[in-house]
**Q** 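Handing you this structure, nothing more for now.
When reading the values below, keep in mind they use all heavy atoms of this one structure, side chains included, and skip hydrogens, waters and symmetry mates.
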Amino acid sequence: MHFILNPDHTGLNRILQPGKKIYFASDFHLGAPSHQDSLTREKLLLAWLERIRHDAGVIFLVGDLFDFWFEYKRVVPKGYVRFLGKLAELSDAGIEIIVFLGNRDMWMTDYFETELNIQTIRRPRTFVFNDKKFLIGHGDGLGKGDYGYKVLQVIFEGKLPRFLFNYIMPANLGMYLGYIWTKFSWRKKRKPEQYLGDDKEHLVGYSKAVEAKEHHDFYIYGHRHTMADVQLTPTARYINLGDWIWYNSYAVFDGNDVTLTQFKPKD
């Protein structure tokens with residue numbers, strides 16, 4: 001079912017067609033840590049997208065699709081043609097795809113919307129499907145702690161860095177610096193992230209705080225690179241989607257419940 005999304009669609013209930021599902025995945029980090037590793041991951045993503053296309057009503061890609069992404073006014077990053085082509089194919093077939101921007105691809109502008117007909121969203125947003133209320137977002141900068149990143153987030157999301165990258169810095173140099181920065185950060189990702197426990201996970205705390213003010217059935221995020229399914233209250237769950245670096249994980253809503261699982265290619 002192809003959904004038309006309004007700018008402010010909080011509370012707008014959508015009913016899935018019989019047999020249709022909603023899929024959620026995040027943190028592909030295409031481009032890292034090497035071209036070959038990224039290409040292998042990209043092809044795996046294509047296999048997953050092809051497998052779910054027959055029953056996908058909506059596909060949410062919840063941030064950090066790329067390890068670094070910056071759109072110049074007339075230039076987009078090199079590579080990822082298989083992935084982008086598959087998204088275009090699914091979108092042209094009428095499957096609704098919604099992309100949340102993460103901390104690695106926050107500098108995405110209008111390329112996905114104008115070329116692929118895919119809506120992009122930066123902040124967490126509420127959706128209602130089959131009377132179930134979802135709060136969905138990438139997850140960076142939410143909750144208590146991580147104040148160093150929050151300062152950088154404010155700087156990076158400002159107009160000045162975008163202006164400097166767009167109009168002052170040559171595209172080749174800008175992309176080079178971006179990839180150098182991400183390559184440096186990969187030194188910390190040689191093993192899977194560990195779930196810190198309900199009391200120490202910032203996104204769990206954030207979800208509990210939101211739930212105390214407004215009920216949601218499901219809180220769905222990426223960013224933490226951990227597969228987590230936490231019962232916040234008897235009627236509210238926190239789900240972290242993991243990633244496609246270690247887990248090849250995703251979640252699926254069948255119209256009634258959400259299941260967190262892993263993609264395993266057929267032999």
**Q** Do the side-chain N and O atoms of H138 and N103 include a donor-acceptor pair separated by under 3.5 angstrom?
**A**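 Yes, a side-chain donor-acceptor pair sits under 3.5 Å.
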**Q** Would you kindly check if the NZ (Lys) or CZ (Arg) of R14 is within the cone defined by 45 degrees around the ring axis of F129 and under 6.0 Å from the six-membered ring centre?
**A**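 Yes, a cation-pi geometry.
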**Q** I'd like to know whether the aromatic ring centres of F66 and Y80 sit less than 6.0 Å apart in this structure.
**A**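 F66 vs Y80: aromatic centres under 6.0 Å.
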**Q** Give a yes or no on this: more than 12 heavy atoms of other residues, nucleotides or ligands lie within 6.0 Å of atom CD of Q231.
**A**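 Yes, CD of Q231 has more than 12 neighbouring heavy atoms, counting only those of other groups under 6.0 Å.
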**Q** Verify the ring-centre separation between Y238 and Y219: is it less than 6.0 angstrom?
**A**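 So the answer is no for these two rings.
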**Q** Exactly one of V204, L196, D27 should register a side-chain contact (heavy atoms from CB on, under 4.5 Å) with R224. Which one does?
**A**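 The passing option is L196.
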**Q** Determine the minimum heavy-atom distance between I59 and L90, stating which atoms define it.
**A**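 Nearest pair, atom of I59 first, then L90: CD1-CD1, 4.2 Å.
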**Q** Which heavy atom of A32 sits nearest to which heavy atom of D37, and what is that distance?
**A**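 Closest heavy-atom pair between A32 and D37: O-CB, 4.4 Å.
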**Q** Taking S38 for its side chain and S34 for its backbone only, find out whether a donor-acceptor pair lies under 3.5 Å.
**A**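 Here the side-chain-to-backbone pair does not exist.
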**Q** Taking the side chain from D105 and the backbone from D64, do they hold a donor-acceptor pair closer than 3.5 Å?
**A**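 A pair under 3.5 Å: yes.
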**Q** At their closest point, which heavy atom of L116 faces which heavy atom of A88, and how far apart are they?
**A**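 Nearest pair, atom of L116 first, then A88: CD2-CB, 3.6 Å.
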**Q** Measure centre to centre between the rings of H29 and H225, then say whether the value is under 6.0 Å.
**A**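 Ring centres of H225 and H29 closer than 6.0 Å.
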**Q** Would a distance-only check, ignoring hydrogens and angles, find a side-chain to backbone donor-acceptor pair under 3.5 Å from H216 to E214?
**A**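 Yes.
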**Q** Would you say the ring centroid of F134 lies under 6.0 angstrom from that of F127?
**A**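 Here the rings of F127 and F134 have centres that are no less than 6.0 Å from each other.
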**Q** Report the residues that fulfil salt bridge (Lys or Arg N to Asp or Glu O under 4.0 Å) with K86, sequence neighbours left out, ordered by chain and then residue number.
**A**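 Salt bridge (Lys or Arg N to Asp or Glu O under 4.0 Å) check on K86 returns E50, E89.
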**Q** Between CD of E211 and OH of Y206, what distance do you get to the nearest 0.5 Å?
**A**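 Output value for this atom pair is 12.0 Å.
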**Q** Determine whether H215 and T235 satisfy the following criterion, side chain to side chain contact (heavy atoms under 4.5 Å, CB included), listing intermediate values before the conclusion.
**A** CA-CA 9 Å; H215 171 65; T235 57; 3.4 Å; yes
